[in-house]
Amino acid sequence: MAVERLLKDDATEEKGERARMSSFIGAMAIADLVKATLGPKGMDKILQSTGRGRNITVTNDGATILKSLHIDNPAAKVLVDISKVQDDEVGDGTTSVVVLAGELLREAEKLVNMKIHPMTIIAGYRMAAECARNALLQKAMDNKQDSEKFRLDLMNIAMTTLSSKILSQDKEYFATLAVDAVMRLKGRNNLEAIQILKKPGGSLRDSFLDEGFILDKKIGIGQPKRIENAKILVANTAMDTDKVKIYGARVRVDSMAKVAEIEVAEKQKMREKVQKIIAHGINCFINRQLIYNFPEELFADAGILAIEHADFEGIERLALVTGGEIASTFDNPESVKLGSCKLIEEIMIGDDKLIKFSGVEMGQACTIVLRGASAHVLDEAERSLHDALCVLTQTVEDSRVLLGGGWPEMVMGKEVDALARKTPGKRSHAIDAFSRALQAIPTIIADNAGLDSAELVSQLRAEHHKESSNAGIDVITGGVGDMQKLGISESFKVKQAVLLSATEAAEMILRVDDIITCAPRKREDRM
Amino acid sequence: MALAFDEYGRPFIILREQESKTRLRGLDAQKANIAAGRAVARILKTSLGPKGMDKMLQSPDGEVIITNDGATILEQMDVDNQIAKLMVELSRSQDYEIGDGTTGVVVMAGALLEQAEKLLERGIHPLRVAEGYEMASRIAFEHLEKISQKYEFSADNIEPLVQTCMTTLSSKIVNRCKRTLAEIAVKAVLAVADLERKDVNLDLIKVEGKVGGKLEDTELIYGIMVDKDMSHPQMPKRIEDAKIAILTCPFEPPKPKTKHKVDIDSVEKFQTLRQQEVKYFDEMVQKCKDVGATLVICQWGFDDEANHLLMHRNLPAVRWVGGVELELIAIATGGRIVPRFQELTPEKLGKAGVVREKSFGTTKDRMLYIERCANSRAVTIFIRGGNKMMIEETKRSIHDALCVARNLIRNNSIVYGGGSAEISCSVAVEAAADRYPGVEQYAIRSFAQALDHVPLALAENSGLPPIDTLTAVKAQQIKENNPFCGIDCNDVGTTDMKEQNVFETLIGKQQQILLATQVVKMILKIDDVISPTDY
């Protein structure tokens, strides 16, 4: 007797081989989608949003691409998720992680077709991942002690990261920018202190690093445009109409004259507030909320620079860099910590006026001003620079460094191969497959650069058969080169994260033998 | 459909709109129900055991869940069939009661139904089958008690507990680092356990997860972790020997509950009101300061001015802390939750050794750790993992492990796993069957066969030839009179589960058999299903 309907109407269930096939196909489709962006010669994608305005984004960043996709395949969602996490956690390698997971699943599919049980494959993958990680650990270099070399490492890493992005033409320039910015942080990995401002116009090369802090705001009318030895009060207080906060209070009067009186009182209150603020002995006042004309005028009279409506992050950052505290009450001027800086001035970038704070107390902060031909270029440049900054801060934290250009994959591949030969049983097939998946990455890099991947990768493998080889793919000359000499490096932490999360994701998808898709929630028509 | 007539020959309407309803009666109803129950069991069968597979579920909103936990699978499946819903309930009640073995109980019920179908075909009345099952379950229940062993452990010797938790975790995706997780779970349970009363309040264990990092970074924190940060960015990020004021009142002017209006009709009133307002804030902060608090944790928000005053007086504060977390903090730090500023006294403050803020990754995620509390009876398990699904699945696995550890503390009797308990019960029930006269004997024998289904499924999932393996193990059990022989799922080389250290709690197993029997009895008793037809 046939089973009656078990699930709801539109729900579907896929079982066993079918389920596995659908998740393999979904995952591989995603991996193939971002595959072409991998490596220094990777291509970009155009994404058009479905929202109003049909905004477009041009990008090379795996996480950004995947984030904007609408995916229905559950396995594909797993891959999108790992890419997102990679972005949040280490900031780079978002494409690699998806591609590696995709390759692992591609190999797994072959094994499943050979009638090897998924659990056996998982066991093999686990052993292989552990072995690959140990291989990386052994080969990682640490130059923390030698600051000269460490800086060189950082430069190399930044350049390697940037070389696959839109900034690759000026990668040296931007790498210097990024390394300078990160070095200023002095090991305190607070990316908030690095501000990135985007201003259309000029060329990418016109971008610059500014030591101080730049606020994208205008100075009030009639107030000084330049202040030396500024004392800054950073505030978050209402400077429009200071409402009475006691619940239920309202004004009820019986004559116009009374209204006028109260108005005067209100004005008086504001005046007192401004006077209190002035009594702090400041010459610059920055508020998070609006400043109305009346108090602004008072400030102008006192010769104080007042900046209104600085955004929330701006305020926090400003408080951080100038060393002041964010104030909301002004009754004890002696104990409020004021911020200070050497010079506040109005500067022009393009035809925008900005306020620049230089010589701030905390030398750690800096601003990178990006210039570029269009908003799309700027957005992509910001993402690239953000990637580079993330990788650099991670490297400062964990200073171990690996070579790039497919070198780590080959090293891992070799070790994993050796393990496969030692392991008896069916698992060795899986370990073998893991090594093949790892070596697929240099193949893709070469393919994307339009090189003969089969030739190159086999050369590379031969090179790596020798002890401690530094060989990797040199995309520029189209051959095998010494990565140490070419200065192509990657951060150990990023590579490790790629390896581990890709394996984890592949394992997760492999374990599934049944996919149940619930009926999509019905949207109620509000007609 | 049968019609009833009154004395004038007019038809009674018993079922309203009976044309639009389908109705199944008698044996057909039972068979349809059994088929539905078995269908559910079949879905879960492949998830059983250490080599069981996962299920991927997509919720109506498109979210993806990957899990191995029977209760979760069924809950997310969104079943429509009434009998299938019963099975979902069954798994859920096992989850509530025991917390583990949610897959096993459904597989067991499915097997019982399958056997019942055969008996029905032979013309045995469903109620007799149900009675037979009841007797058999009692035999199995008692037999379990007989083969169970006491398990000795103490707060100093946690190894046995860790082993049990590892058995539970080995069927989940997290089995890569089951050792670490099992240790964390056991330590967490022991930290909150009351060994005297043999009770564990699992509410005191908070399980938090954050994506990123790797599974190995999962840690146990003797204290509370809150996903919040300091209300003012410039407050200190680390406080030693904190005295914590736990407040449920906002740092805002009071809002009386009765309706009122304050009318301002003159300048003087306006002035006094202003001063009053300033005084409010000042007093509030001063109160906290006066009682000696060095950290304020508040359930509500702060006014900007209050925030600054707090900062100004060097009193770090956390706002918008959820009610449950607030309670946990109160328990952990030994403080009292204070609903009004007037009631703040030094005795009501909680104490913690260290309070610190920690940030993660490249995004601006911060969490607040409250550690070395006065009363370290509340702990937090902080899970890290590659992606969201992994974290969710780890949370579920940890929950299972916690439950198992708790059950062992409550009652330290165990039975051995790997299907050995089921096989042993099956042998015992089979032997007992001959002593019962009547039709029930058949039902009891079927029960014994149904018990075999669990080890069969285990063997099948592990890639072993099911029938060969089961018969071999069964023969071994009888020959050696050793009830600890089970299926060697992990290919270790021995079938003795005692050697392999694979075991489950006695109450868990007993509960499985009882619950499964109950549901099956219920399903068997239904002989009429009336449901609206599809339109």
Side-chain angles (χ1 to χ4, degrees), chain A residues 1 3-8 11 23 74-75 77-78 81-82 85 88-91 117-119 126 191-192 236-237 244-254 258 261-262 265 269 316 319 325-329 335 390 500-501 504-505 507-508 511-521, chain B residues 31-32 35-36 39-40 43 46 51 53-61 64 66 77-81 84 173 176 211-214 232-234 252-253 255 260-267 270-271 273-274 276-277 303-305 307-309 311-312 361-364 386-390 463:
Chain A
M1 172 169 196
V3 183
E4 275 201 49
R5 206 158 42 88
L6 202 63
L7 301 166
K8 289 210 172 121
S23 47
K77 279 190 186 156
V78 176
D81 203 51
I82 55 167
V85 172
D88 290 348
E89 192 63 16
V90 285
H117 195 266
M119 284 296 167
R126 270 192 195 160
L191 274 186
E192 286 166 52
N236 174 17
T237 183
V244 174
K245 282 169 196 150
I246 290 175
Y247 189 68
R250 61 170 186 180
V251 177
R252 171 172 267 179
V253 288
D254 40 21
K258 285 264 174 70
E261 270 173 34
I262 287 177
K269 185 183 166 194
E316 270 189 27
E325 66 182 50
I326 302 173
S328 295
T329 56
S335 61
C390 287
L500 292 182
S501 20
E504 227 165 63
E507 187 181 311
M508 219 160 172
R511 280 176 69 104
V512 171
D513 76 335
D514 200 325
I515 301 178
I516 296 168
T517 314
C518 293
R521 200 180 293 286
Chain B
K31 282 199 180 153
V40 174
I43 291 177
T46 50
K51 295 277 166 82
M53 305 295 278
D54 287 6
K55 305 279 176 270
M56 191 184 265
L57 301 144
Q58 196 168 15
S59 77
D61 300 320
V64 178
I66 297 181
M77 244 167 55
D78 200 11
V79 292
D80 205 22
N81 187 294
I173 193 166
R176 183 157 50 92
V211 277
K214 44 188 193 296
H232 196 288
Q234 283 158 323
E252 274 162 18
K255 287 182 186 169
H260 71 291
K261 285 197 178 71
V262 182
D263 285 343
I264 304 172
D265 55 5
S266 69
V267 177
F270 183 77
Q271 302 283 17
L273 212 56
R274 245 185 64 206
Q276 190 65 32
E277 181 193 299
D303 193 271
D304 286 340
E305 284 180 38
N307 203 357
H308 178 248
L309 275 176
M311 161 72 202
H312 198 86
T362 59
T363 47
K364 285 190 289 177
N387 54 45
K388 206 168 64 214
M389 293 147 220
M390 190 77 186

Looking only at heavy atoms and a cut-off of under 4.5 Å, which of A/S23, A/P118, A/A265 has the most pairs with chain B?
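The residue among A/S23, A/P118, A/A265 with the greatest pair count is A/A265.
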Count the heavy-atom pairs under 4.5 Å between each of A/L500, A/V512, A/I515 and chain B, then report the option with the highest count.
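Sorted descending by pairs with chain B, the first entry is A/V512.
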Give, for atom [atom1] of [X] and atom [atom2] of [Y], the distance between the pair rounded to the nearest 0.5 Å.
X: B/M56; Y: A/K77; atom1: CE; atom2: NZ; result: 10.0 Å
X: B/K55; Y: A/D513; atom1: NZ; atom2: CG; result: 3.5 Å
X: B/I66; Y: A/R511; atom1: CD1; atom2: CZ; result: 10.0 Å

Pick one of side chain, backbone, both or neither for A/M119, based on which atoms fall under 4.5 Å of a heavy atom in chain B.
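Contact with chain B involves the side chain of A/M119 alone.
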